[in-house]
Amino acid sequence: MHNPKRIMATGGAGFLGSHLCGRLLERGDSVICPDNYFTGSKDNVRQHIENPQFELLRHDVTFPLYVEVDEIYNLACPASPVHY
Ligand SMILES: NC(=O)c1ccc[n+]([C@@H]2O[C@H](COP(=O)([O-])OP(=O)(O)OC[C@H]3O[C@@H](n4cnc5c(N)ncnc54)[C@H](O)[C@@H]3O)[C@@H](O)[C@H]2O)c1
C-alpha cells in the first residue's frame, strides 16, 4: 500500500516531467509543478489541470520557492543543447 506524499516536480510541464507527474498522481501523490515554460508547455499537463491533487505554478527555479514537500524531482533544465 503506497503512502501518499507531497511531491514537487520541477520542469513538470516538460517531456519527462509531465509523464512523471502523471505516474505520481496515478499512485495517489499530490504534485506541485513549477515550470517557466521555457521548453515545456501547459499543454503537456492539461489532463491534470482539473485534478485537485495537482498544482501548476509558473516559476523559474533559479529563484527561491518555499513549499513544504516530502520529495523533490528536479527536471527543470532544457534537454536539448540548442536550448542550453
Ligand atoms: N529526454 C531525455 O531523453 C533525457 C534523457 C536523460 C536526461 N534528461 C534530462 O532530464 C531533464 C528533463 O528533460 P526533458 O526531455 O523532459 O526536457 P524538457 O525540455 O521537455 O523539460 C524541461 C522542463 O523544464 C522547464 N524549465 C527549464 N528551465 C526552467 C527553469 N529555470 N525554471 C522552471 N522550469 C524550467 C522547461 O520549461 C520544461 O518544461 C533534463 O535535465 C534532461 O537533460 C532527458
Side-chain angles (χ1 to χ4, degrees):
M1 174 77 178
H2 175 66
N3 197 17
K5 294 177 180 160
R6 289 170 303 177
I7 295 182
M8 178 159 70
T10 69
F15 172 62
L16 291 182
S18 57
H19 287 94
L20 175 66
C21 289
R23 293 297 289 267
L24 294 172
L25 290 166
E26 254 173 45
R27 74 174 191 183
D29 294 323
S30 301
V31 178
I32 296 176
C33 172
D35 199 300
N36 66 354
Y37 311 124
F38 179 59
T39 55
S41 161
K42 268 188 200 175
D43 214 37
N44 290 335
V45 287
R46 68 182 178 284
Q47 67 274 36
H48 307 310
I49 300 287
E50 299 296 320
N51 187 336
Q53 299 302 104
F54 181 73
E55 193 175 352
L56 183 62
L57 307 174
R58 180 188 291 269
H59 177 76
D60 183 330
V61 299
T62 62
F63 293 92
L65 177 65
Y66 299 98
V67 288
E68 285 187 18
V69 292
D70 301 306
E71 291 178 6
I72 299 172
Y73 294 87
N74 181 25
L75 298 166
C77 176
S80 157
V82 182
H83 292 114
Y84 285 165

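Whatever order the structure lists ligands and atoms in, that order sets their numbers, starting from 1. Reckoned from all heavy atoms, side chains included, excluding hydrogens, waters and symmetry mates.
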Residue, atom name and distance, where the atom is the protein heavy atom closest to atom 32 (N) of ligand 1: V61 N, 2.9 Å
Separation of S18 OG from R23 CZ (nearest 0.5 Å): 12.5 Å
V31 side chain reached by E55 side chain, heavy atoms, under 4.5 Å: no
Given G17, A79, G11, S18, which has its nearest heavy atom closest to atom 15 (O) of ligand 1? A79
With side chains defined as the heavy atoms from C-beta onward, is the minimum distance between V45 and F54 less than 4.5 Å? yes
Atoms in ligand 1 flagged as close to A13, the criterion being non-hydrogen separation under 4.0 Å: 39 (O)
Which segment of F15 sits under 4.0 Å of ligand 1 when only heavy atoms are counted: both
Need the ligand 1 atom indices (1-based, order shown) with element for anything under 4.0 Å from a heavy-atom of Y37. 37 (O)
Atom 37 (O) of ligand 1 has as its nearest protein heavy atom D35 OD1, 2.7 Å
From atom 36 (C) of ligand 1, work out which of L57, T39, L20 has a heavy atom at the shortest distance. T39
Considering only non-hydrogen protein atoms, determine which one is nearest to atom 12 (C) of ligand 1 and report residue, atom name and distance to 0.1 Å. L75 O, 3.5 Å
Can a non-hydrogen atom of T10 be found less than 4.0 Å from any atom of ligand 1? no
shortest atom 9 (C) of ligand 1-to-protein heavy-atom contact is with L16 CD1, 4.3 Å
For atom 33 (C) of ligand 1, what is the closest protein heavy atom, and at what distance to 0.1 Å? H59 O, 3.2 Å
Are any of the N or O atoms of G40 closer than 3.5 Å to those of ligand 1? yes
Quick one: nearest non-hydrogen protein atom to atom 21 (O) of ligand 1, plus distance? G14 CA, 3.4 Å
Any M8 side-chain heavy atom under 4.5 Å of P34 side chain: yes
Atom 26 (N) of ligand 1: which protein heavy atom is closest, and how many Å away? N36 OD1, 3.4 Å
Any sub-3.5 Å donor-acceptor pair from T10's side-chain atoms to L75's backbone N or O? yes
Tell me yes or no: between the side chains of H2 and D29, is some donor less than 3.5 Å from an acceptor? yes
Closest approach of any protein heavy atom to atom 31 (N) of ligand 1, naming residue and atom: D60 OD1, 2.9 Å
Looking at atom 7 (C) of ligand 1, would you say a protein heavy atom lies below 4.0 Å from it? no
What pair of heavy atoms forms the shortest contact from E71 to R27, and how long is it? OE1-NH2, 4.4 Å
Do D35 and V61 make a side-chain contact, defined as non-hydrogen atoms from C-beta onward lying under 4.5 Å apart? no
Can you tell me if H59 uses its side chain to pair, donor with acceptor, with the backbone of F63 under 3.5 Å? yes
For atom 22 (C) of ligand 1, which of S80, C77, P81 has the closest heavy atom? C77
So, do K42 and L56 sit near enough that their side-chain heavy atoms are less than 4.5 Å apart? yes
Donor-acceptor pair, side chain of N44 and main chain of A13, under 3.5 angstrom: yes
Looking at ligand 1, does any of its N/O atoms fall within less than 3.5 Å of an N/O of P78? no
